[in-house]
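Proteins get letters first, then strands, A, B, ... in listed order; numbering begins at 1 in each.
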There are 2 protein chains.
Amino acid sequence: MPGEPPRPTDAELEILTVLWSIGPATVREVHDVISRRRPAQYSTVLKFMQIMADKGLVRRDERPRAHIYQAARPREWTQRQLAGDLLERAFSGSARALLMGALAARKATKEELAEIRKLLDEYGKGKK
Amino acid sequence: MPGEPPRPTDAELEILTVLWSIGPATVREVHDVISRRRPAQYSTVLKFMQIMADKGLVRRDERPRAHIYQAARPREWTQRQLAGDLLERAFSGSARALLMGALAARKATKEELAEIRKLLDEYGKGKK
DNA sequence: GCTTTACTAGTAAGATCTTCGTATATGCCA
DNA sequence: TGGCATATACGAAGATCTTACTAGTAAAGC
């Protein structure tokens, strides 16, 4: 029985974002992406991915040449966990306050604001 | 020279939320609030608050009888840090995706959706 | 087949986080 | 002023996180 994977740590989340972006991949491929933006040993990335497999954050296909890893949960699922977690712990459940913090941290363009409005329209439609 | 306080850990954030809510307080008062919702030793809370003072997350007034602690930064400032941090690390900077995650995790009422819309109006006004 | 190359697994050190027991200082009051 | 109640400080153990080295193994190439 698998159960829910735990909240990923910072380093684990970085690896998950790579897997979501390039799809199922070997440690080598993940390492290539990460080492392009910061120094990181291959064996460090490998170790993380092994731990993540133990935790159930990634699934691995044990191929003869090199194992293939993929995120155990889709991006949206994990994003929902993370957003929900922070929402409760730091914003007393107020989505408005969370959005305000996000917009204050990173100025949004007019286009993005329009997209958010559209999201609200879609979301409200289901429950009127 | 103080510099920016680091991102609070889970336990530290819990204490900050108490301080934001009740204002400057002694360890005793913070512990009372926390122990009402979960078991926690007084000395554990004390230790956290000492560490937080070292980190610059809280400021303390060393009164003779009992020290008075207060959050070093206002709630909004820290919320902005946390939202911005998660936004970059897990949502590639997309406030829309972050909001979507939050709404998926915790259903919002019609009233809250209206509030969010109002926030967008206010926010957009400044930059049109 | 043998050597080189590339991958996994195991081990471990150091940092940080969480938790708590205990020692020590100090104000308060009888 | 001596003792009690309450505070802070100190020390430390155990869990988790981050990082990296190295040994062993298996595939690929010559």
Side-chain angles (χ1 to χ4, degrees), chain A residues 3-19 24-70 78 82 85-86 89-90, chain B residues 3-19 24-70 78 82 85-86 89-90:
Chain A
E4 302 265 297
R7 173 156 57 108
T9 67
D10 287 359
E12 290 165 352
L13 181 56
E14 183 182 23
I15 287 170
L16 285 178
T17 62
V18 173
L19 290 176
T26 63
V27 174
R28 172 68 50 196
E29 291 164 329
V30 172
H31 174 256
D32 283 349
V33 173
I34 289 178
S35 68
R36 228 171 285 139
R37 28 186 207 231
R38 67 178 182 86
Q41 287 306 115
Y42 174 87
S43 64
T44 301
V45 175
L46 167 66
K47 187 57 169 179
F48 279 139
M49 294 174 76
Q50 288 172 336
I51 291 171
M52 290 168 78
D54 286 345
K55 290 186 180 177
L57 286 167
V58 297
R59 225 180 292 291
R60 82 172 153 195
D61 176 2
E62 308 201 351
R63 292 291 178 77
R65 192 74 192 89
H67 300 173
I68 307 283
Y69 291 78
Q70 64 179 310
T78 302
L82 291 170
D85 177 69
L86 191 65
R89 289 214 333 284
Chain B
E4 302 266 295
R7 174 156 56 107
T9 67
D10 287 359
E12 289 165 352
L13 181 56
E14 182 182 22
I15 287 170
L16 285 178
T17 61
V18 173
L19 289 176
T26 63
V27 174
R28 173 67 50 197
E29 290 164 331
V30 172
H31 173 257
D32 283 349
V33 173
I34 290 178
S35 68
R36 227 171 285 140
R37 27 186 207 233
R38 68 179 182 86
Q41 288 306 115
Y42 174 87
S43 63
T44 300
V45 176
L46 167 66
K47 185 62 165 179
F48 279 138
M49 293 174 77
Q50 289 172 338
I51 292 172
M52 291 168 79
D54 287 345
K55 290 186 180 176
L57 286 167
V58 297
R59 224 181 293 290
R60 82 173 152 193
D61 177 2
E62 308 201 351
R63 293 291 178 77
R65 193 74 193 89
H67 300 172
I68 306 285
Y69 290 79
Q70 63 179 309
T78 302
L82 291 170
D85 176 71
L86 190 66
R89 291 213 332 283

Below 4.0 Å: OP1/OP2 of D:dT8 and any side-chain N or O of B:Gln50: no
Partners meeting side chain to side chain contact (heavy atoms under 4.5 Å, CB included) with A:Ala25 (sequence neighbours left out): A:Leu19, A:Ile22, A:Glu29, A:Val30
Candidate nucleotides D:dA9, C:dT8, D:dT18, ranked by approach to the side chain of A:Val27 - the nearest: C:dT8
N/O (side chain, A:Arg28) to phosphate O (OP1/OP2, C:dA6) under 4.0 Å: no
Whole-Å distance separating the CZ atom of A:Phe48 from the P atom of C:dT8: 16 Å
Spacing of CG belonging to A:Leu16 relative to CE belonging to A:Met49, to within rounding of 0.5 Å: 9.0 Å
What does the list of N/O pairs under 3.5 Å between the protein and nucleotides 11-16 of chain C look like, with a distance for each?
unit_1: C:dT11; atom_1: O4; unit_2: A:Lys47; atom_2: NZ; d: 3.1

Separation of D:dG11 P from B:Ile51 CD1 (nearest whole Å): 14 Å
Least distance between heavy atoms, A:Arg89 atom then B:Thr17 atom: O-CG2, 3.6 Å
Between D:dC17 (C1') and A:Asp54 (CG): distance, integer Å: 14 Å
Atom-to-atom span, CG of A:Leu46 to P of D:dG24 - whole angstrom: 17 Å
Those residues that, when tested against A:Asp32, pass salt bridge (Lys or Arg N to Asp or Glu O under 4.0 Å) (two or more places apart): none
Partner residues of B:Arg28 under the salt bridge (Lys or Arg N to Asp or Glu O under 4.0 Å) criterion, sequence neighbours left out: none
Residue list, side chain to side chain donor-acceptor pair (under 3.5 Å) with A:Arg38, at least two apart or on another chain: A:Glu14
Proximity to DNA chain D (any heavy atom under 4.0 Å), residues of residues 30-45 of chain B only: B:Tyr42
Positions of residues 56-67 of chain A (non-hydrogen atom under 4.0 Å from DNA chain C), listed by number: A:Arg60, A:Arg65, A:Ala66, A:His67
Residues 55-66 of chain B, side-chain donor-acceptor partners within the protein, below 3.5 Å, at least two apart:
unit_1: B:Lys55; atom_1: NZ; unit_2: B:Glu12; atom_2: OE1; d: 3.4
unit_1: B:Lys55; atom_1: NZ; unit_2: B:Glu12; atom_2: OE2; d: 2.7
unit_1: B:Arg59; atom_1: NH2; unit_2: B:Ala72; atom_2: O; d: 3.4
unit_1: B:Arg60; atom_1: NE; unit_2: B:Glu62; atom_2: OE2; d: 3.2
unit_1: B:Arg60; atom_1: NH1; unit_2: B:Tyr69; atom_2: OH; d: 3.0
unit_1: B:Asp61; atom_1: OD2; unit_2: B:Arg63; atom_2: NE; d: 2.9
unit_1: B:Asp61; atom_1: OD2; unit_2: B:Arg63; atom_2: NH2; d: 3.3

Identify all side-chain donor-acceptor contacts of residues 39-46 of chain B below 3.5 Å with residues at least two apart in sequence or on another chain.
none

